[in-house]
Amino acid sequence: MKRVFTLTDRAWLGSCLQYKWQKTLGNYIAVAGPDSSVKIFDRHGQRKNELNLPGRCVGMDWDKDGDILAVISDKSSSVYLWDANVNKTSQIDSGMRDQMSFVLWSKAGPLLAVGTNKGNLLIYNQQTSRKIPVLGKHTKRITCGCWSSQNLLALGSEDCSVTISNQEGDTIRQTSVRSDPADVQFSVMKTDERSSPGESTVSVAVGKKTLFLFNLNDPDNPIELAFQQRYGNIISYHWYGDGYILIGFSQGYFVVISTHIREIGQELFQAHNHKDSLTSVAISSALNKAASCGDNSIKIHDLSELKEMDAIVNLEDETKGLDQLSWTDDGQLLAVSTQRGTLHVFLTRLPILGNSCGTRLVYLTSLLEVTVSNRVEGEAPVAVTVEVEPNFIAVGPYHIAVGMNNRAWFYALGDSGVERLKDVEYLGTIASMCLNSEYAAALFEGKVQLHMMEGDDQQEQRQTRLFPDGDRKEHIVSHALTNDFLFYGTDSGVIVCILVEDWQMLNEFRHPVGIKKVFPDPNGTRLAFIDDKSDGFLLSPVNDSHVEIPSFSPTITGVLWETWPSDKGVFVSFDDDKVYTYAMHKNTIYGPRVVFVGSTKLPFSHKPLLLYNGELTCQTQSGKTSSVALSTHTFLTHTHSPGAHTHTPEELSKQLTQALMLKRFPEAWELCKALGGPAGWAEMGRSCLIHMEVDLAVRLFRMSGDVGMVMSLQGIKGIEDRSLLAGHLAMFLNDYNLAQDLYLESSCPNAALEMRRDLQHWDRALMLAKRLAEDQIPFISKEYAVQLEFIGDYVNALSHYEKGMTHNNKEHDEACQGGVARMSIRMGDIRRGAAQAIAHPSRVLKKDCGVILENMKQFSEAAQLYEKGQYYDKAASVYIRCKNWSKVGELLPQVSSPKIHLQYAKAKEMDGKFKEAAQAYESARDWDNVIRVLLEHLNNPEDAVRIVRETQSIDGAKMVARFFLRLSDYGSAIQFLVLSHCNDEAFQLAQQHGQMDSYADIISSEATQEDYQSIALYFQGQNKHLQAGKFFHKSGQYSKALKHFLKCPNTDDNLAIEMAIETVGQAKDESLTNQLIDYLMGESDGMPKDAKYLFRLYMGLLQYREAACTAIIIAREEQSAGNYRNAHDVLFSMYTELQTQKIRIPAEMNTNLMILHSYILVKIHVKRGEHLKAARMLIRVSNNISKFPSHIVPILTSAVIECHRAGLRNSSFSFAAMLMRPEYRHNIDPKYRKKIETMVRRPDTSEIEEESTPCPYCGFMLPQCELICPGCKNNLPYCIATGHHMLKEDWSVCPHCEFPALYSQLILLLETESVCPMCSETLSVNQVEKMDDCSSFLHPDQSEH
């Protein structure tokens, strides 16, 4: 908000002011202070008059039209009246003896009410000068009042009563209130019932605390509204809208309530607008705004959206605070008085006056100020102070003009500033004015005066012209001026173009109805105009061609042309709410046309002044400009600042459509790149075709991958004939009728015929051919006939086939003859058609005619044509339908269709020729019938069985089964019943004839659970426990299966136990498992079974820990029996299984495996002659000799011998001494007894010291055969090739069992051995690799993690 002026006076200082705006017009404001005068100022702050009173002003009010100001004084009984029209003051004597306290003019008539301190009333009629004194209306001072629109007068008095009187002063209603009334107002309170018309509710603030609502129609039920204590006192209130009340409270609160009976008492809105105090509130219905003042600020709200603050004005210099607010009726000016005696007037709404020329704008920024700006070219705005408040503004390239009524002031725009040129008076009130660089054109009273703006008076008179001139009686309603042309439109529908240079009329266009407004583009080459029907048109003054503007709203008030140089064809039309964007496209395949692009919502009270590159500059009520981005130009946000926004594909697609409608191809290209897919390129390509941009279209369709379109466009690139080019493009866009019209206008009309032929529009092609190329008629007729034949119009097809004969084009004529033959048959002329088909060289024609004849039930002729055409299957089929078997027989060797063979076979069977029938059935691959004939008629079961086995025919198998059943060959019968899926029958047959074993073997895996159960039950009845268990197992009945397996006699023991273990493994049932374990342990029959079965059971149940324990027991038994290799293999297999399952190896298993492996290595070392290694291993075995009870003596004997050979004499002696024990002595081999006795008698205790190597864990040096490190107490991994502990730097593993071995030793071993000593898998030197990192073997737990 802009401050217009501030009023101060020495006499006012330090006190509050009374003031009143002139009603309706708002041209004057009357102000009274503590002195004895009322000063009257105009709306620009200029003092117009001063009324001197005998005492202080008590009250004043303007009449309803703003013509007369009534003033009362505290020391006079007269009422002073000032007439604003003649600036004169008069007095009327009230006749009242007491002091006047209240004055108020009626809203509806020339009635003035005056109240006194003693409660008396005077009603004065200004028109008749009649005075009506009413004594004793109230008993105390009348303080407030209000007139209704029905001329009822409500008065409030200090006697705590409110009266309602008519215009004669008679009291109609009276009511008492609790405290002093203030601020009486009339309004309409909303109720659910339909109330009587007029203002029926009186509202009054009572004691500054409550709001009292008194309904004249319901006087007994007044409503009193109280408010929260924290709000303070009611300062003032206003009714607005549909029964709403806005209330200001002293503590700064601003509250809105509704008087609708259902919402009464509810606060709809509340704001603490001012921190300390609020002194006044005001409402402007013209602006739909509310204002409050308090502290030192004014706050303005929009009544339609109260939560949003519209404006805040801080008056920093007003330290004492503000007092009263008041708006002019039109809402343009807001006055606020202060408590230190000043009055500020703010501009809240300006008349929206503005104009543009090119990119230059001029607009009203204050009542006496206009601003010139050119933001596009970067010029700073220039404010120009003008003499009068203008009602029109115009701007040209170098001038501006402002004016009112019949007078205009001209200003020159120069580099140094704005210079006033002159003022001009015209012959009538100016309706509008336009400027160009030299001339001004003013429209007044239906005429346009064109004159120069600069030059001396004589030259100006010479350069002045009035239009229309001469005898023309036109009444001009709108005009416009460009640099070269003056355009005007008349109420009779004439638009005239005048060349300004020599004032000659260039063009006159006549429209059927009157013209309302004209809007030329900046160059004057196009003109938009609105007619009296509110329709819009675009006129080209060059040739008078005009097109209607589509989607033109009847509320449109103006048009703006785009000033951006690259968008000359774009313009917008606008009304109060929306802006509509249009694009004029001159060169399209449709000719010149106007396209509606879209609409944009216009903010409230915005007037468009300038359009530049999709941005609309508008003037607002506040005297500023605002930019509105057109929604039709949203693509600019992407192309001008691509990184600033992210758009969805849907938004990009919409922007692309807008850019194409505006023919903004560079921006559209960027959008297509952003979209990425071929659809965008194709859409832009189609738009280029419409605008005949062939080169760009080629690039676009290449981007979209449309090869066909690219090649087609390249083929027409060089065409200069615009109609021919447009025809091709219309055809590419599938607008064939337009393409035909364009082709016919072009230099190559035959293109229309070619297009219709390509499109198979044959009737149109024939019509064109008659005009353009008669020699093409036969060819078109033949193509047309083909289409007619396809749709079933055989009569016309025959006619066109006959017209298609050329008699000089053999291939074409043959096609026509074929068509004639087909159509003749279709039309019923079978003889002619068949004869032509037989004579015709084409096989296909014979087939086609045969099909037609067959459908017509003409079988004989059809078969003949099929046979002539060498379609033997078809011919034979039709001959069968004729029952012509002899012909069928002749054709049969050449027939491949099984169906025909089948039909022939059935016929032969009926004739009793079974051998031929069987052969025909076989040719037809009807195996069931072949089998049936072989068995029933030819008694040939061998071939029948062969065919069943080859074809797996179910029905054939049944027939063979029945055949064998008749021969009492039950085994074969069962076999074929199973083959035919007749399991129940096969089972019953096996049961009856004791063939269940055969049935069980035959059915094998083909059977269902029920089949297995049936067999099991049968064997159960026969007490064949093994077979019963087997089939219960297959049927999933594991409990019964186990029961039978455990009942098997000892002869079948081994197999039964194996089956029982498998059953329990699959059942995963704990009770069954326990039952079998009890059986294996001998709990049930007292006979423990071999431990290997228990081991297999645990393995089958995946119970690896238990299996490991069992494996140890088995190995122990095998060791005790002397089967050391078996024991080794059992432990090894269990070891690997536990490793696979990632289960820790039991220490006992590890130790036993190591000792057994050491024993096995002895033989290998002895065989290789490595006696020291063998001796070391034998020492290890002998130290654990209790684990080899069967071979204690031989092992000790070997240890003695090998230790002696290896030089380990002390070890040899100790083992020899052991052998001399009584329990072993007699079992020594006689060969060695004497030597051993000698060793004991003469002991040699020398011993080769064992080589030490480092521990792979901690590096501690220890003997190489030692497997427990004294340093780190770890169990050391041993080499499977030597039995020594492993070394870090000489590590390898067997690739099969992954047991470690010293690389060097394993390589040596494999020179003579070909298998791994641990797992016995084949192993070669090439398969062994030395490992650099053995940590995964040393620390397996860490490697797992």
Side-chain angles (χ1 to χ4, degrees), residues 355-358 360 362 390-413 420-509 514-529 539 541-542 561:
N355 208 329
S356 66
C357 175
R360 177 170 283 119
V362 61
N391 56 19
F392 69 84
I393 295 178
V395 64
Y398 312 113
H399 305 85
I400 61 169
V402 299
M404 65 180 296
N405 301 334
N406 67 332
R407 195 169 175 190
W409 284 262
F410 291 91
Y411 298 84
L413 304 173
R420 181 180 159 185
L421 288 177
K422 59 182 175 182
D423 60 294
V424 178
E425 284 195 24
Y426 296 89
L427 301 175
T429 301
I430 298 167
S432 63
M433 179 173 278
C434 303
L435 310 181
N436 67 10
S437 55
E438 296 178 357
Y439 288 89
L443 171 64
F444 55 86
E445 296 177 0
K447 297 183 183 299
V448 171
Q449 181 176 335
L450 181 68
H451 64 88
M452 288 188 74
M453 289 177 285
E454 297 190 37
D456 56 35
D457 290 342
Q458 288 185 353
Q459 185 183 0
E460 189 181 327
Q461 285 174 8
R462 229 179 18 253
Q463 293 289 339
T464 298
R465 182 82 174 267
L466 206 61
F467 298 97
D469 53 359
D471 301 328
R472 297 174 73 109
K473 299 293 183 187
E474 297 162 340
H475 183 83
I476 299 173
V477 292
S478 176
H479 78 301
L481 191 63
T482 68
N483 266 342
D484 301 309
F485 307 107
L486 167 68
F487 295 93
Y488 65 79
T490 71
D491 58 359
S492 60
V494 177
I495 296 176
V496 176
C497 175
I498 307 288
L499 181 64
V500 174
E501 189 178 335
D502 55 8
W503 296 352
Q504 294 299 312
M505 184 173 76
L506 288 181
N507 185 49
E508 180 179 287
F509 171 76
I515 306 300
K516 203 185 282 184
K517 290 184 180 177
V518 294
F519 307 95
D521 72 350
N523 297 328
T525 54
R526 299 188 187 96
L527 177 90
F529 66 89
L539 171 69
V542 179
W561 285 87

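Not measured: the values here are computed from a predicted model. Count residues from 1 along the sequence.
- Taking all atoms of both residues into account, the shortest heavy-atom contact from Ala408 to Tyr426 is CB-CE1, 3.9 Å.
- Panel note: side chain His479, backbone Val448; no donor-acceptor pair is recorded below 3.5 Å.
- In this pair, Tyr439 and Trp503 present their aromatic rings perpendicular. The plane angle is above 60°, beyond the 30 to 60° band.
- Contact detail for Thr464 and His451: the closest heavy-atom pair is OG1-CB, 3.4 Å.
- Atoms CD1 and CD1, from Ile495 and Ile515 in turn, are 4.0 Å apart once rounded to the nearest 0.5 Å.
- Atom CZ of Phe392 has more than 12 heavy atoms from other residues, nucleotides or ligands within 6.0 Å.
- Here the shortest heavy-atom pairing between Gly524 and Pro541 reads O-CG, 4.0 Å.
- Considering all non-hydrogen atoms of both residues, Asn406 and Gly428 come closest at CB-O, 3.1 Å.
- Checked by atom type and distance alone, the side chain of Lys422 pairs as donor or acceptor with a backbone atom of Met453 at under 3.5 Å.
- Pairing each heavy atom of Trp561 with each of Phe519, the nearest pair is NE1-O, 2.9 Å.
- Separating the CD1 atom in Ile476 from the OG atom in Ser492 is a distance of 10.0 Å, to the nearest 0.5 Å.
- Asn436 contributes a side-chain N or O that, together with a main-chain N or O of Thr482, makes up a donor-acceptor pair within less than 3.5 Å.
- Taken to the nearest 0.5 Å, the CD1 atom of Ile498 stands 7.5 Å off from the CG atom of Leu506.
- Between the Ser478 side chain and the Gly489 main chain, no donor and acceptor come within less than 3.5 Å of each other.
- Rounded to the nearest 0.5 angstrom, Ile393 CD1 and Ser356 OG are separated by 12.0 Å.
- Within the model, atoms CG of Leu539 and CG of Leu527 stand 5.5 Å from one another, a figure rounded to the nearest 0.5 Å.
- Remark: Lys447 NZ to Leu427 CG distance equals 10.0 Å, nearest 0.5 Å.
- Among all heavy-atom pairs drawn from Met433 and Ala401, the shortest one is SD-CB, 3.6 Å.
- Looking only at side-chain heavy atoms (C-beta outward), Val494 and Glu508 come within less than 4.5 Å of each other.
- When each of Val402, Ile400, Asp423, Leu435 is checked for a side chain to side chain contact (heavy atoms under 4.5 Å, CB included) with Phe410, only Leu435 meets the rule.
- Below 30°, between 30° and 60°, or above 60°: for Phe467 and Tyr488 the angle between ring planes is between 30° and 60°, a tilted geometry.
- Here the side chain of Asp491 pairs no donor or acceptor atom with the backbone of Gly514 at under 3.5 angstrom.
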